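Quick caveat: nothing in here was measured; it's all calculated off a predicted structure. For ligands, and for the atoms within them, numbers begin at 1 and follow the listed sequence.
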Amino acid sequence: MLKFKCVPDYQAMSAAGAEIIYQAAASKLSQGQPFNLGLATGNTMLELYRILAEMFNRNRLDLTRLQTWNLDEYALDEHTAVPPSHPLSYWKYMHENLFDRLLPERNFREAQAHFPDPAAPADFDRALAAAGGLDLQLLGIGFNGHIAFNEPMPPESISATAFAALPTRVIALAERTIAANAVLTANGSRYLVPRYAATMGMQQILSARQTLLLACFAEQQEPLTRMLQDRVPTPALPASFLLSHPDFQLIYTADKINLKNLL
Ligand code: F6R
C-alpha cells in the first residue's frame, strides 16, 4: 500500500524522512527493545543524516539496541570490499555523515553497524535474519530505477518472483550507474568508481516491516513515472516491487519532481 508525501524541497524531504526514522526507532529503543534500521548512502541522504544524528543526540535516545544494516558497499573485485580509506567507501560515508556525529553517551558502537561483505554476502543475510529482520529500510532510487545495487534486468531473463527473492550478493555495476556515480560522487572521474559492489538482496529489502523511499533529483522523475504508470512489479524497474510492499512510503520534492497526475 503506497503512502506518499510531496514536500517543497530537499530540506523539507530530509526533515520529514529523519522524523519518520526517529519516531520509529524511538518507539522501540525507548522501551528497551531492539531496532534494526536499514540505511542507504548517496546524495539524497546527506542532510537527513545530519538531522537524524542531531535528533538522537538532542533527545538523548539510548542507541544500545540499535543495529544498522547498510544497503551496499563497493568492491574492488568479486570478493574484496573497498578499504575504508577509499574515497567512495560507504563505510566512510556512514561514519562521516551519521555514526561519528553520535555522541559517545548515545552508546552506538562499531559492532552495531553492518555492511554486506563481498567476501561472504550470505553472512549478512544470516546475521540480519538472526537479529529479527529489518524494522525500517530507508531507500533512494537510482536514475535507472535501481534500489540498493539491485540493477534492472531484462524481464525475459528472470521472473518477477525470482527477482524479488534475490539474496544479498556481489554484482557488477551497470554502466549507467558507474557514469551517474562518477558525476555525482567522484567529480566526473569514472576510474574512481569501483566496478563491483555487494548489495543487499531484494528479498531482505522487501521483507522490511516498513520501507521509506526518498526522491529529490530531476533524473528520478522518469523511473518514478514508469513505476506509477505501470504499477506492475518488473525486474526492468527494481523500485516497482515496492508498490506491493504492505508499508511503503514515498517522499518526493515538488521543486524537482512532478508526479501530480500519477498519485
Ligand atoms: C545507496 C544505494 C543507491 C542510491 C541511489 C540514489 O546506498 O543503494 O541505490 O540510493 O543510487 O543515489 P543518490 O542519492 O546519490 O541519488
Side-chain angles (χ1 to χ4, degrees), residues 9-11 13-14 17-18 21 37-50 52 68-75 81-82 86-99 113-118 121 124 134 136-153 166 168-188 192-194 196-202 204-206 208 211-224 227 237-242 248-253 255-257:
D9 55 22
Y10 183 77
Q11 193 61 35
M13 176 199 76
S14 308
I21 296 170
L37 175 58
L39 296 174
T41 57
N43 291 323
T44 307
M45 308 305 169
L46 289 169
E47 177 65 2
L48 179 150
Y49 286 141
R50 194 193 62 72
L52 186 62
T68 62
W69 304 84
N70 260 85
L71 284 176
D72 30 33
E73 180 56 288
Y74 281 122
V82 295
H86 189 285
L88 301 187
S89 150
Y90 286 163
W91 186 97
K92 180 171 135 91
Y93 170 107
M94 287 313 308
H95 281 74
E96 287 176 358
N97 291 294
L98 181 61
F99 304 152
H114 308 268
F115 291 81
D117 178 359
F124 183 90
L134 293 163
L136 187 156
Q137 178 62 58
L138 175 64
L139 295 157
I141 179 167
F143 298 169
N144 63 359
H146 73 207
I147 51 173
F149 277 134
N150 293 288
E151 300 284 14
M153 290 175 72
L166 285 172
T168 297
R169 66 206 184 282
V170 178
I171 50 97
L173 293 175
E175 273 308 309
R176 183 150 181 219
T177 302
I178 294 170
N181 288 4
V183 173
L184 294 168
T185 60
N187 290 324
L192 245 190
V193 181
Y196 296 91
T199 181
M200 194 190 290
M202 290 298 291
Q204 285 66 34
I205 296 172
L206 296 173
T211 50
L212 174 62
L213 177 64
L214 305 188
C216 55
F217 297 117
E219 292 89 339
Q220 293 164 335
Q221 172 150 339
E222 193 266 332
L224 287 171
M227 163 174 154
L237 186 64
S240 62
F241 285 82
L242 293 169
F248 167 46
Q249 184 162 6
L250 166 67
I251 304 178
Y252 70 96
T253 63
D255 62 346
K256 296 283 164 57
I257 298 173

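Ranking protein heavy atoms by distance to atom 10 (O) of ligand 1, first place goes to G140 CA, 3.3 Å. Looking only at heavy atoms of the protein, atom 6 (C) of ligand 1 is closest to I141 O, 3.5 Å.
Closest heavy-atom approach to atom 1 (C) of ligand 1 within the set N144, T41, T185: this belongs to T41. Closest heavy-atom approach to atom 8 (O) of ligand 1 among the candidates L139, D72, T199: D72.
Counting atoms of ligand 1 from 1 in the listed order, those under 4.0 Å from a heavy atom of H146 are 3 (C), 5 (C), 9 (O), 11 (O). Interface atoms of ligand 1 facing F217, defined by a heavy-atom separation under 4.0 Å, are 16 (O). Residue A40 has at least one heavy-atom neighbour below 4.0 Å for each of these atoms of ligand 1: 7 (O).
Ring centroid separation for the pair W69 and F124 comes in under the 6.0 Å cut-off.
With a 4.0 Å heavy-atom cut-off, ligand 1 is reached by the backbone of T44 and by its side chain too.
You'll find the side chain of K92 stays beyond 4.5 Å of the side chain of V82, heavy atoms only. Side chains of T41 and L71 form no contact here, defined as non-hydrogen atoms less than 4.5 Å apart. Within the 4.5 Å cutoff, side-chain heavy atoms of M200 are placed close to those of Q137. Within the 4.5 Å cutoff, the side chain of Y196 has no heavy atoms near those of the Y74 side chain.
Judged by distance alone, the side chain of E73 and the main-chain N or O of W91 form a donor-acceptor pair under 3.5 Å.
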(request) Check the pair Y49 / Y93 against side chain to side chain contact (heavy atoms under 4.5 Å, CB included), numbers first and verdict last. (result) CA-CA 11 Å; Y49 286 141; Y93 170 107; 3.8 Å; yes
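Residue A148 places at least one N or O, backbone or side chain, under 3.5 Å from an N or O of ligand 1. Remark: ligand 1 and N43 share an N or O pair separated by less than 3.5 Å (distance only, no angle test).
Rounding to the nearest 0.5 Å places CZ of F217 at 5.0 Å from CG of N43.
Residue contacts with ligand 1 include Q220, since one or more of its heavy atoms lies under 4.0 Å from the ligand.
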